[in-house]
Every structure is written in C-alpha cells, then in structure tokens.
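One structure is given below, encoded as structure tokens.
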Amino acid sequence: EVQLQESGPGLVKPSQSLSLTCSVTGYSITSNYWGWIRKFPGNKMEWMGYISYSGSTSYNPSLKSRISITRDTSKNQFFLQLNSVTTEDTATYYCARSARTYYDGTYYYWGQGVMVTVSS
Amino acid sequence: DIVLTQSPALAVSLGQRATISCRASESVRSSMHWYQQKSGQQPKLLIYGASNLASGVPARFSGSGSGTDFTFTIDPVEADDIATYYCQQSRNDPDTFGAGTKLELK
C-alpha cells in the first residue's frame, strides 16, 4: 500500500521560509510524479507543483518565484520550500502522488496533510 | 487558469440520488476528476477521466460529462457519504479545483 506522510513546522513567521517533507512508503519516488497541493481556510485548493521521476519540476506560475520542490531518493522523500511567506500562505498542505494517462489526464492520491499557520 | 464552478451545497435524503455539477470555464475534454473529503481527512479520489471509477470505490458513485459540463452522482446516498466533493481539471496547466459542494442530509 502506498502511503504519503507530511511533516514540518506547524507555525512559520511572516517573511520566513516554509519547509515540509513528504515521506513515501510502498512506492519509489523514482517512478511517477510527486506534488504538493494546498487547501486554504474556506476550502479553496491550489496545485503548487510537482517533481517527476527524473527530478524535473513544474510549478504553478502564481508561486514560481517562491517555490522549490526537491527530493532525496535515498530516503524516498520529497520536499517543499516556500519562501517569503505571508499570512495568505496559511493552509493545509498535502503531498500527493499523481497518476497520468494520455486520455484521462492527471489525478491525485493524497497524503494526510499538515496544517501550517503563518503568524508572528 | 481554468475556473471550475460548483454549487456550494446540496441537501439530500438517505436512499435518494445526489447529483453534483461542475462547470469549466473552457473545455477540459474528459480530464475531469472527482474527490471526496470528509471532515478531518484528506481528499480521496473517486472518479478520474470524467467517468472512470477509482479502485475500491463503490459502484453507487458515478461521473459523466465532457467539454465544459460534468456531473457526479451518488445513487443511493448513504450516511457515510456526507462530505464535501471537489472537481479537478487537468486539461490545462495549472491543474485547478472547484470550490467544493458540501453534501448535507435533509
């Protein structure tokens, strides 16, 4: 069974960086695509970006200057860094495995999520 | 970005049919997917590619549509189905999500 587990600080100060880890068991991150999605208070969801099986990345243009997704294949983990956070980055952050097919598109299997609050 | 529009809430009776709609601001062909999120849990994939049932999902869940108009149906509704349902498109980057439809009991 594939399991994804997010970890990281639940509280970050404004202007600092948010750093989260997604630990994956039951599936190698050198296969498939692995991403981050966040859900804001009030239910809006935003796809943030992914890192591929080869290590290539793609980011939401709305975040492109602040986001970085990296990985450690030896630990089967991938990471999110979001710089210069504001209170508007307060959200529940999910890591996800994406499945892709030519006809159906890209859909997601989600981790449990971690709530991050940006506050001084 | 493609905007997905869902009704905020739907009230249904147990044993009845629930139909949730999702309208896209432009065509997404069949690249529409549906998730269920219960309180305190992560979203769970139910339907992918507009009409394909995800593994292990009961057959009373179904999806249809293509282009800009999509429908998600639960028939019959059970008590365990009380949750918020989200649509997601992957036709155009970036992937986008609807605001969710909260399923409530009458």
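Values in this document were obtained by computation on a predicted structure and should not be read as measured data. Letters go in sequence order (proteins before strands), and every chain restarts at 1. Note: hydrogens, waters and symmetry copies are ignored here, and every other heavy atom, side chains too, is used.
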Of the non-hydrogen atoms in B:A99 and A:N43, which two are nearest, and what is the gap between them? O-CB, 3.9 Å

Against chain B, label A:Y103 side chain, backbone, both or neither, depending on which of its atoms sit under 4.5 Å from a heavy atom there. backbone

Side chain of B:Y35, backbone of A:Y108: donor and acceptor closer than 3.5 Å? yes

Contact class of B:S30 relative to chain A, heavy atoms under 4.5 angstrom: both

For atom NZ of A:K44, decide whether the heavy atoms of other residues, nucleotides or ligands shown that lie under 6.0 angstrom number more than 12. no

How about A:Y53: does its OH atom have over 12 heavy atoms from other parts shown lying under 6.0 Å from it? no

B:D95 CG to A:N60 CG distance, which is reported to the nearest 0.5 Å: 9.0 Å

Worked verdict on A:Y109 versus B:L45 for side-chain contact (heavy atoms from CB on, under 4.5 Å): CA-CA 7 Å; A:Y109 299 92; B:L45 176 71; 3.6 Å; yes

Please flag which part of B:Q37 lies under 4.5 Å from any non-hydrogen atom of chain A: side chain, backbone, both or neither. side chain

Starting from A:I51, can I reach A:L20 by hopping between I/L/V/M/F/W/Y residues whose side chains sit under 4.5 Å apart? yes

Please confirm whether the backbone N or O of A:T106 pairs with a side-chain atom of B:Q88, one donor and one acceptor, at under 3.5 Å? yes

Within a reach of under 6.0 Å around CZ of B:R23, are more than 12 heavy atoms found that belong to other residues, nucleotides or ligands? no

Same cluster or not: are A:W110 and B:M32 linked, directly or through other Ile, Leu, Val, Met, Phe, Trp or Tyr residues, by side-chain heavy atoms under 4.5 angstrom apart? no

Engaged part of B:D93 at the chain A interface, taking heavy atoms whose separation is under 4.5 Å: neither

Option that, when pairs with chain B are counted at under 4.5 Å, heavy atom only, ranks first among A:S58, A:G111, A:A96, A:G113: A:G111

If the plane angle is over 60° it's perpendicular, under 30° parallel, otherwise tilted; pick one for A:Y107 and B:Y48. parallel

Do B:Y86 and B:L103 land in one hydrophobic cluster if side-chain heavy atoms of ILVMFWY residues count as linked below 4.5 Å? no

Given the rule that I, L, V, M, F, W and Y join up when any side-chain heavy atoms are under 4.5 Å apart, are A:Y59 and A:M48 in one cluster? yes

Please answer: with hydrophobic residues joined when any side-chain heavy atoms are less than 4.5 Å apart, are B:F70 and B:F61 in the same cluster? yes

Closest approach of B:P43 and A:M45, non-hydrogen atoms and distance? CG-CE, 4.0 Å

